[in-house]
Enquirer: 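Provided herewith is a single structure, encoded as structure tokens, for subsequent inquiry.
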Amino acid sequence: MILELDCGNSFIKWRVLEASQAAVFAEGVVDSDVALLGGLHSLAGLSLQHCRLVSVRAQEETNRLVGVLVAAFGVSISCAAPSREMAGVRNGYEEYARLGLDRWLAMLGGFQLASGACLVLDFGTAATADFITADGEHLGGFICPGMPLMRNQLRTHTRKIRYDDVAAERALESLVPGRTTAQAVERGCTLMLRGFAQSQLELARSYWGEEFSVFLTGGDAELVADALPGARFVPDLVFVGLAMACPLS
Ligand SMILES: Nc1ncnc2c1ncn2[C@@H]1O[C@H](COP(=O)(O)OP(=O)(O)O)[C@@H](O)[C@H]1O
Ligand SMILES: CC(C)(COP(=O)(O)O)[C@@H](O)C(=O)NCCC(=O)O
Ligand SMILES: [K+]
């Protein structure tokens, strides 16, 4: 079996593939190394042979996680690394190694699935957009605060914005103007994410007309999905790219 990990700034997304790589044996989202180990150790029938990983965390933190996994499972671990060009996509950053690896892998996955021009939108801790032309040139992208960051900035830098997770969840039943603080903030931030997504779509149209695919991924993708009809929601897009960047042979 193969363990795949996507270590974002807030959560570690993990899944275990059957050795054939055709089926998912188990998967989850955790907020710490300890929770990851707990989740894996609780799986009956787990038998790991390989692990591949992408991280946007500090090198030290990533190394620590790799050490923990090697100690726990004795597996070989392949970590996605920056690249100037891969699978027909050319990294557009002035310094290619500075492009977030989760963005890079989602782009590789998106370009392969699209086999044409694409716009890749990822809504996690940060919200990101990346533009790839039909011949694989990465034009660059945009980064702005995602839902967790917007919400927390408001909570941290105001005196009176305080509400709990239950109120937050309930607030998103609709997007009409809020009549409570939770509604006003949750709906306001959601509309900002949608506005971000729609302005990327407009830019993509100005480049490519209607000849492009839109990919939507990340833990908060669902908040914008119905504002982007025609976009493909691919929750595991980073894993698609991870398998391309870290093949087993
Ligand atoms: N099953 C889930 N577990 C944790 N967070 C989730 C889940 N589903 C949606 N989310 C939301 O996804 C966001 C984090 O997205 P994610 O793509 O995991 O971020 P990152 O890659 O930056 O860690 C949070 O706002 C969180 O509330
Ligand atoms: C933009 C990001 C913070 C997104 O991270 P995430 O929200 O997925 O945790 C990450 O891709 C990153 O640290 N990138 C490096 C800077 C850059 O891409 O320019
Ligand atoms: K991510």
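Note that ligands are numbered from 1 as they come in the structure, with each ligand's atoms numbered from 1 the same way. Because only heavy atoms are used, hydrogens play no part in the values below, and waters and symmetry mates are left out as well, while side chains stay in.
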Enquirer: Taking NZ, NE, NH1 and NH2 as the nitrogens, is one of them in R194 or D226 under 4.0 Å from a carboxylate oxygen of the other?
Expert: yes

Enquirer: So, for G109 and L237, which heavy atoms are closest and what is the spacing to 0.1 Å?
Expert: C-CD1, 3.7 Å

Enquirer: Tell me whether the guanidinium CZ or amine NZ of R205 lies under 6.0 angstrom from the six-membered ring centre of F212 and within 45° of its axis.
Expert: no

Enquirer: Counting heavy atoms only, which part of D122 comes closer than 4.0 Å to ligand 2: side chain, backbone, both or neither?
Expert: neither

Enquirer: Would I143 count as a polar contact of ligand 2, with the cut-off being nitrogen or oxygen pairs under 3.5 Å?
Expert: no

Enquirer: Going by side chain to side chain donor-acceptor pair (under 3.5 Å), name the residues that satisfy it together with N63, two or more places apart in sequence or in a different chain.
Expert: Q59

Enquirer: Can you figure out which of V56, D6, L101 has its heavy atom closest to atom 13 (O) of ligand 2?
Expert: V56

Enquirer: On a heavy-atom basis, which atom in L193 and which in G146 lie closest, and how many Å separate them?
Expert: CD2-CA, 4.3 Å

Enquirer: Determine, for E95 against R98, whether the closest basic-nitrogen to carboxylate-oxygen distance falls under 4.0 angstrom.
Expert: yes

Enquirer: Show every side chain to side chain donor-acceptor pair (under 3.5 Å) that has at least one partner inside residues 11-20, sequence neighbours left out.
Expert: E4-R15, R15-D236

Enquirer: Taking all non-hydrogen atoms of both residues into account, name the closest pair between L242 and A80 and its distance.
Expert: CD1-CB, 4.1 Å

Enquirer: Could you check whether E60 and T62, counting side-chain N and O atoms only, form a donor-acceptor pair closer than 3.5 Å?
Expert: no

Enquirer: Polar contacts were defined as any N/O atom of the residue lying under 3.5 Å from an N/O atom of the ligand; does this apply to D102 and ligand 2?
Expert: yes

Enquirer: For Y93 and R103, does a side-chain donor sit closer than 3.5 Å to a side-chain acceptor?
Expert: yes

Enquirer: So, Y96 versus H138, ring centres under 6.0 angstrom or not?
Expert: no

Enquirer: Near the K ion (ligand 3), which protein N/O/S atoms fall under 3.4 Å?
Expert: D102 OD2

Enquirer: Considering the heavy atoms of L99, write down every atom of ligand 2 situated less than 4.0 Å from one of them.
Expert: 18 (O)

Enquirer: What residue and atom, counting heavy atoms only, is the protein's closest point to atom 5 (O) of ligand 2, and at what distance?
Expert: N9 ND2, 3.3 Å

Enquirer: Anything with a heavy atom under 4.0 Å from ligand 1 counts, so go ahead and list those protein residues by chain and number.
Expert: G8, N9, S10, F11, K13, V29, G124, T125, P148, G218, G219, D220

Enquirer: Among all the protein's non-hydrogen atoms, which is closest to atom 14 (N) of ligand 2, and how far away is it?
Expert: G100 CA, 3.3 Å

Enquirer: State, to 0.1 Å, how close D122 and G218 come at their nearest heavy-atom pair, and which atoms those are.
Expert: OD1-CA, 3.4 Å

